[in-house]
Amino acid sequence: MADNRPIGMFDSGFGGLTVARATIDLLPDEQLVYLGDTGRYPYGPRSLDEVRKFSEEITRFLIEEHDVKSVVVACNTASAAALTHLQETFDRPVIGVIEAGVESLLVASESGRVGVIGTVGTVSSGAYQKAIVDEAAKQRSDVALTCAACPGFVEFVERGQFRTDQVRVLAERLLAPIVDADVDALLLGCTHYPFLARIISEVMGRGVVLVSSADETAFALRRTLHGTDLAASPRNPGESPNHRFLSSGDVAWFEELGRQLLGPELLEAERCDWT
Ligand code: DGL
């Protein structure tokens with residue numbers, strides 16, 4: 001048995017495209033319906049209750065309108081606010097991005113001094129702090145964590161500004177506590193941040209490994225589908241899935257910047273409206 005229904009994926013905007021890219025590469029038979037909630041981004045400064053409400057609304061929309069077989073919450077803020085709630089509310093697998101990255105972070109660190117950066121919502125939720133304590137209990141006891149919120153990073157990415165002087169100045173200021181803590185591994189705890197990886201890496205220095213949860217989330221999705229009736233049937237050579245991309249904001253901008261960030265699979269974007 002195989003299941004050729006699509007996988008739903010969402011983020012506040014472009015950030016989840018890092019997870020979409022990793023998923024398309026790792027699971028080439030699977031079809032995606034990706035929703036960027038650009039009409040309501042950024043999620044980071046909003047209350048966790050509000051982000052939970054948005055996340056439930058989007059998950060219901062993906063299930064009811066697109067009959068998705070599984071949902072990937074490709075946003076750390078939404079994962080922090082809503083993952084457990086979504087898993088309890090909906091009758092199909094819902095996967096988040098937080099736990100996936102934490103395991104790799106602790107494996108990547110030699111010294112045990114690690115950092116996590118994310119939105120204000122993610123960092124203040126305590127979700128990473130808890131996930132790291134849980135993972136450290138399994139892996140190692142010498143973990144010292146430093147967290148920093150990076151307000152402003154998401155907005156630069158959404159405007160398509162990845163390497164400007166303004167981004168660098170902001171990065172130097174916001175990452176200072178992490179640099180001071182002398183970490184050797186830093187988790188990009190927001191799916192937008194891999195697009196700023198070059199500047200973040202230059203500010204942190206060469207000795208610091210950057211860990212993104214995008215690949216790890218794609219692996220977690222593969223573990224969920226592989227060997228079950230939920231996996232799609234193998235496609236014929238040369239036949240690619242018809243991925244769909246939806247935006248609740250400026251669709252033309254989503255199409256233009258989205259294609260630059262994700263690649264040629266983002267042929268066109270469709271409008272989705274919240275009533
Ligand atoms: N990509 C989202 C995350 O991972 C960004 C949140 C936002 O819109 O502020 O948290």
Side-chain angles (χ1 to χ4, degrees), residues 8-23 32 34-55 57-59 71-83 86 94-102 104-105 115-129 131 147-162 167 170-171 174 186-197 200 210-218 220-221 245-250 253-254 257-258 261-262 274:
M9 187 175 280
F10 73 91
D11 177 48
S12 64
F14 295 97
L17 293 176
T18 55
V19 183
R21 178 74 264 158
T23 303
L32 293 186
Y34 179 96
L35 193 152
D37 197 9
T38 43
R40 302 190 293 200
Y41 106 95
Y43 281 5
R46 295 180 184 272
S47 72
L48 293 178
D49 277 351
E50 190 172 30
V51 175
R52 192 175 306 117
K53 190 173 137 281
F54 292 170
S55 303
E57 182 177 28
I58 293 170
T59 303
V71 173
V72 178
V73 184
C75 172
N76 290 261
T77 314
S79 296
L83 184 65
L86 299 177
V94 182
I95 293 165
V97 283
I98 291 182
E99 272 160 29
V102 162
S104 305
L105 177 71
V116 173
I117 53 174
T119 65
V120 170
T122 300
V123 171
S124 62
S125 75
Y128 268 109
Q129 292 86 330
C147 290
C150 295
F153 277 11
V154 167
E155 287 84 345
F156 277 120
V157 171
E158 293 282 321
R159 291 200 293 268
Q161 294 178 23
F162 309 115
V167 181
L170 184 65
L174 295 174
L186 174 64
L187 179 63
L188 307 180
C190 169
T191 51
H192 281 71
Y193 296 177
F195 296 124
L196 304 178
I200 293 171
L210 299 189
V211 177
S212 142
S213 44
D215 290 342
E216 307 309 324
T217 304
L221 179 62
F245 297 89
L246 289 83
S247 161
S248 60
D250 181 339
W253 176 238
F254 193 81
L257 182 61
L261 297 176
L262 179 98
W274 308 119

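Remember, it's 1-based here, ligands and their atoms both numbered in the order they're listed.
- By the ring pair (Phe, Tyr, Trp, His ring centres under 6.0 Å) test, Phe10 is found to be paired with no residue, residues two or more places apart in sequence or in another chain being considered.
- Exactly one residue among Ile117, Val116, Leu210 makes a side chain to side chain contact (heavy atoms under 4.5 Å, CB included) with Leu187. That residue is Val116.
- If you run side chain to side chain contact (heavy atoms under 4.5 Å, CB included) between Ser79 and each of Thr191, Ile98, Val94, only Ile98 comes through.
- Taking the six-membered ring where tryptophan is involved, the planes of Tyr34 and Phe254 are essentially parallel, since the angle between them stays under 30° and well short of 60°.
- Comment: Arg40 does not engage Glu50 in a salt bridge, judged by the lack of any side-chain N to carboxylate O separation of less than 4.0 angstrom.
- Proximity of the aromatic rings of Phe195 and Phe14 is defined here by a centroid distance below 6.0 angstrom, and this criterion is not met.
- Within 4.0 Å of ligand 1, counting heavy atoms only, the contacting residues are Asp11, Ser12, Pro42, Tyr43, Gly44, Cys75, Asn76, Thr77, Thr119, Val154, Cys190, Thr191, His192.
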